[in-house]
Enquirer: 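For reference, the structure I am asking about is given below.
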Amino acid sequence: MDLLLPHLGLIVWTILAFLIVLFILKKFAWKPILKGLNEREANIANSIATAEKVKLEAASLKSENEALLVKAREERATMLKEAKDIKDKMINDAKDQAKEQAAKIIADAQASIHNQKMAALTDIKNQVGKMVVDVSEKILRRELSDKSKQETYIRELADEIKLN
């Protein structure tokens, strides 16, 4: 049982050693240890604050990027719509020009046909007039005393005349 109970001298020297170590630690080591712990705590707090700030900035950049994407999509849609409108306008203008040119060509062709028709009619009238003059001249040269001879002669002349 002696082994389990310490002697009074051992207890005194142990307490005295503990108090000396406690005094030395308090005098020389306690302040640097607390200072190091406080600095570490401040660094951790700053790191957490910086991480939160970076996180907020990333979220802000993400929302800005999404807004830019939406704006770019809207601009693209607007550009595509404008391009389609321009294309449709160009096609319609080309169609209108083609219709105008076709109408002009048709009008020119109709005028040309009318002019040729009038020229042909004038030519026919001139030929008929010439034939009438020729027939009348031949009839007047001959003596027209007998009506039956006159009719026979007119038939002969009509058979001789060939229409061109």
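Note: hydrogens, waters and symmetry copies are ignored here, and every other heavy atom, side chains too, is used.
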Enquirer: Please determine whether residues Leu22 and Ile33 belong to a single hydrophobic cluster, defined as Ile, Leu, Val, Met, Phe, Trp and Tyr linked transitively by side-chain heavy-atom distances below 4.5 Å.
Expert: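 Each belongs to a different hydrophobic cluster.
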Enquirer: For the pair Leu61 and Glu64, evaluate side-chain contact (heavy atoms from CB on, under 4.5 Å) and give the outcome as yes or no after the intermediate values.
Expert: CA-CA 5 Å; Leu61 288 176; Glu64 287 178 16; 4.0 Å; yes
Enquirer: Show, in sequence, the C-alpha distance, side-chain angles and deciding distance for Gln97 and Asp93, and conclude whether the side-chain contact (heavy atoms from CB on, under 4.5 Å) test is met.
Expert: CA-CA 6 Å; Gln97 284 182 345; Asp93 290 346; 5.6 Å; no
Enquirer: So Lys87 and Ile91, do their side chains get closer than 4.5 Å, heavy atoms only?
Expert: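 A side-chain contact under 4.5 Å exists here.
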Enquirer: Mind checking whether Phe28 and Ile20 sit in one hydrophobic cluster, side chains of I, L, V, M, F, W, Y counted as touching below 4.5 Å?
Expert: yes
Enquirer: Report yes if some heavy atom in the side chain of Met118 is under 4.5 Å from a heavy atom in the side chain of His114; otherwise report no.
Expert: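 Yes; the side chains approach each other to less than 4.5 Å.
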Enquirer: Please say yes or no: joined through hydrophobic side-chain contacts below 4.5 Å, possibly via intermediate residues, are Ile11 and Leu19 part of one cluster?
Expert: yes
Enquirer: Nearest heavy-atom pair of Ser63 and Ser60: which atoms, and what distance?
Expert: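 Result for this residue pair: OG-O, 2.7 Å.
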Enquirer: Name the atoms and distances for all side-chain donor-acceptor pairs under 3.5 Å in residues 36-57, with sequence neighbours left out.
Expert:
{"from": "Asn38", "atom 1": "ND2", "to": "Leu34", "atom 2": "O", "distance (Å)": "3.3"}
{"from": "Asn46", "atom 1": "ND2", "to": "Ala42", "atom 2": "O", "distance (Å)": "3.4"}
{"from": "Ser47", "atom 1": "OG", "to": "Asn43", "atom 2": "O", "distance (Å)": "2.9"}
{"from": "Thr50", "atom 1": "OG1", "to": "Asn46", "atom 2": "O", "distance (Å)": "2.8"}

Enquirer: Regarding Asp134 and Lys130, does a basic nitrogen lie under 4.0 Å from an acidic carboxylate oxygen?
Expert: no
Enquirer: May I ask you to decide if Asp108's main-chain N or O and Ser112's side chain share a donor-acceptor pair within less than 3.5 Å?
Expert: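 No; judged by distance alone, with no hydrogens or angles, the pair does not exist.
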Enquirer: Determine yes or no for a side-chain-to-main-chain donor-acceptor pair under 3.5 angstrom, with Asn92 supplying the side chain and Asp88 the backbone.
Expert: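 Pair found, side chain donor or acceptor close to backbone of Asp88.
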Enquirer: Could you give the distance from CG (Asp96) to NZ (Lys89), rounded to the nearest 0.5 Å?
Expert: 10.5 Å
Enquirer: Could you give the distance from OG1 (Thr78) to NZ (Lys71), rounded to the nearest 0.5 Å?
Expert: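 Atom-to-atom, Thr78:OG1 and Lys71:NZ are 11.5 Å apart.
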